[in-house]
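Shown below is the structure under consideration.
Throughout, protein chains are lettered first and strands after them, A, B, ... in sequence-line order, and every chain is numbered starting at 1.
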2 protein chains.
Amino acid sequence: MPSKCRQCIIKRFNALKTLTHDELEKFSDHKTSLLIKKGENLMTEGNSINGLYCIKDGKGKLTKLNTNGKEQIIKFVKGGDILGHRSILSEELVGLNAIALEDMHVCFIPKGDILDTIRENNNFSLDLMRNISHQLNEANTSISQMAQKPVKDRLAETLLHLETIFGLDNEDCIDVVLTREEIANTIGTATESAIRLLSNLKKDGVIDLIGKKIKILNKNSLKNISEGY
Amino acid sequence: MPSKCRQCIIKRFNALKTLTHDELEKFSDHKTSLLIKKGENLMTEGNSINGLYCIKDGKGKLTKLNTNGKEQIIKFVKGGDILGHRSILSEELVGLNAIALEDMHVCFIPKGDILDTIRENNNFSLDLMRNISHQLNEANTSISQMAQKPVKDRLAETLLHLETIFGLDNEDCIDVVLTREEIANTIGTATESAIRLLSNLKKDGVIDLIGKKIKILNKNSLKNISEGY
DNA sequence: TTCTTTCTATGATAAATGTCATAAATTTTG
DNA sequence: CAAAATTTATGACATTTATCATAGAAAGAA
């Protein structure tokens, strides 16, 4: 039996915290629950979209396919994040692929309900703006770093960022499983280069590599590297 | 005597087209007109901001200073564009420097008026969301290109983009004056590399260089280069 | 104007990064 | 489980891009 949105918001979501009781009831009644299995697409670049996705749990990547066919990872998402609002708001096609890194439980709320709520609940509307504005700021920072930092610095930056987003597992490793290729596609480099630089960081005692899991041993050192020292 | 906002909207702005007569009157009464001379800052990274800027005319660049002191140009702006809304909406500090590339006339509208209007006029609020959502989409595209395209491709892309934004002057040159360093800071490369690649494009008959002005001679060829052919 | 500064241009060289090849390790499949 | 496929790892080498040096051109100041 699908749970009520109200229960879920309390437990997981920040993004929809401004909704009233009645609005949550409406969302509850109209929502669809989805299971997106590891590797499956929740949204696909270029498609149109007719609702908002709320991630209940699981982890995912937002990617863009380049003209040369290479995948660029733009952002990581997890439980509590919302997807598709940018596209709904701008009335443009979906700009990014959302792909599950592990099984994800997701709720789908129809576009009509979202737009109604934007019209009626000013706090919700302001909250969405805040969310997108914040993302825009992050994206601008990312442009600058992609353009001007060498690969090693971007790798260090990314490892710190991944820890911030996903936290640590019970063995103090960054709590997400990524292939070396995905790491490379995040920092914008060749897979071999990412592998080599990770090996170097391990050799220098800055990180440890346990299979696909990464443990940060010296956060300060990583910070310095990410800033070019 | 400062002109009425209503006149100005009709002539220049798209961004505020959803405002009612009364709202425009209020903006007119409360606005301040500014002249930002070439090279001066309209907004500065890290500062707080208490209003919205509307560019009446003139051209500008939005930049970010990197940890290594290098300037990254994130976006170009011109008459009709609005600035500062992202920061007002997210209640975060200003994320970018806005610097005049030539003398700019700008109107400043206090934050209070903007927030009032967001609360009262749903179309305005939706329009702002649309604007930021669109910018976020552009920024994501930019991340992908910075991360994965070689410098030559990014230069070609940038030249086409500059023509789209600023159009042509009466000699069919891209109607904006940028130093080679600014071009380099847009595509994220060393000034010498930008100069060299521009020289090559000229040698190949794809563009012409007339002082600082750039004329696109073969747009198709540029498009191909921008896509890696 | 003349001097000074900044900007553009280009060569020489170094450093960073990508590509290709190969092999070991790991994961997936039957 | 064994076989196949994928992922990780590393070396050798090619290509791209940055850095340094220098000189001429253009723009700005005295």
Next item on the list: Applying salt bridge (charged side-chain N to carboxylate O under 4.0 Å, His left out), name anything that partners B/Glu40, two or more places apart in sequence or on another chain.
Entry: none
Next item on the list: Only counting residues at least two apart or in another chain, list the ones meeting ring-ring contact (aromatic ring centres under 6.0 Å, His included) with B/Tyr53.
Entry: B/Phe108
Item checked: pair A/Val106-A/Cys54: side-chain heavy atoms closer than 4.5 Å -> no
Pairs of donor and acceptor atoms involving the side chains of residues 211-220 of chain B, under 3.5 Å and at least two apart or interchain, shall be tabulated with distances.
from     : atom 1 : to       : atom 2 : distance (Å)
B/Lys213 : NZ     : B/Asp169 : OD2    : 2.9
B/Lys213 : NZ     : B/Asp175 : OD1    : 3.4
B/Lys215 : NZ     : B/Glu171 : O      : 3.4
B/Asn218 : OD1    : B/Asn220 : N      : 3.4
B/Asn218 : OD1    : B/Ser221 : N      : 3.0
B/Lys219 : NZ     : B/Glu163 : OE2    : 2.7

Checklist line | nucleotides 22-30 of chain D: protein proximity per nucleotide (B base, S sugar-phosphate only, - neither; heavy atom, under 4.0 Å) | finding: ---------
Margin query: Counting C-beta onward and ignoring hydrogens, is there a side-chain heavy-atom pair between A/Glu92 and A/Arg86 closer than 4.5 Å?
Written below: yes
Check: Ignoring hydrogens and geometry, is there a side-chain-to-backbone donor-acceptor pair from A/Thr141 to A/Asn137 under 3.5 Å?
Finding: yes
Check: Got a sec? Which of residues 178-192 of chain B come in under 4.0 Å of DNA chain D, heavy atoms?
Finding: B/Thr189, B/Ala190, B/Glu192
Checklist line | Polar side-chain atom of B/Asp103 near backbone of B/Lys37 as donor-acceptor pair, under 3.5 Å | finding: no
Notebook entry, point to check: Taking B/Thr191 for the side chain and B/Ala184 for the main chain, is one N or O donor matched with an acceptor at less than 3.5 Å?
Noted result: no
Notebook entry, point to check: So do the side chains of A/Leu89 and B/Arg130 get within less than 4.5 Å of each other, counting heavy atoms only?
Noted result: no
Item checked: B/Thr179 (side chain) donor-acceptor with B/Glu182 (main chain) under 3.5 angstrom -> yes
Note to self: Can you pull out every side chain to side chain donor-acceptor pair (under 3.5 Å) where at least one residue sits in residues 198-209 of chain B? Sequence neighbours excluded, please.
What the structure shows: none
Margin query: Quick one, B/Leu128 and B/Ile82 - any side-chain contact, counting heavy atoms below 4.5 Å?
Written below: yes
Note to self: Once side-chain contact (heavy atoms from CB on, under 4.5 Å) is applied, do any residues pair with B/Glu227, and if so which ones, sequence neighbours excluded?
What the structure shows: A/Thr67, B/Tyr229
Notebook entry, point to check: By a strict heavy-atom criterion of less than 4.0 Å, which residues belonging to residues 148-156 of chain B are in contact with DNA chain D?
Noted result: B/Pro150, B/Val151
Next item on the list: Check each residue of residues 193-202 of chain B for a non-hydrogen atom within less than 4.0 Å of any atom in DNA chain C, then write out the ones that pass by number, or none.
Entry: B/Ile195, B/Arg196, B/Ser199
Next item on the list: Would you grab the first and last nucleotide of DNA chain C (5' to 3') that comes under 4.0 Å of any non-hydrogen atom in chain B?
Entry: C/dC7 to C/dA12
Checklist line | Check: A/Ala100 main-chain N/O paired with A/Lys61 side-chain donor or acceptor under 3.5 Å | finding: no
Check: the helix from C/dT1-D/dA30 to C/dG30-D/dC1: angle between its terminal axes, five pairs each, to 10°?
Finding: 50°
Margin query: Looking at A/Asn97 and A/Glu45, would you say the former's side chain and the latter's main chain have a donor-acceptor pair under 3.5 Å?
Written below: yes
Considering only distance and modelled atom types, tabulate donor-acceptor pairs under 3.5 Å from the side chains of residues 148-155 of chain B, sequence neighbours left out.
from     : atom 1 : to       : atom 2 : distance (Å)
B/Gln148 : OE1    : A/Asn66  : ND2    : 3.0
B/Gln148 : NE2    : A/Glu71  : O      : 3.1
B/Gln148 : NE2    : A/Gln72  : OE1    : 3.0
B/Lys149 : NZ     : B/Glu157 : OE1    : 3.1
B/Lys149 : NZ     : B/Ser226 : O      : 2.7
B/Asp153 : OD2    : B/Gly228 : N      : 3.4
B/Arg154 : NE     : B/Ile187 : O      : 2.8
B/Arg154 : NH1    : B/Met146 : O      : 3.4
B/Arg154 : NH1    : B/Lys149 : O      : 2.8
B/Arg154 : NH2    : B/Ile187 : O      : 2.8
B/Arg154 : NH2    : B/Gly188 : O      : 3.0

Check: With a 4.5 Å heavy-atom cut-off, do B/Asn185 and B/Thr63 have their side chains touching?
Finding: no
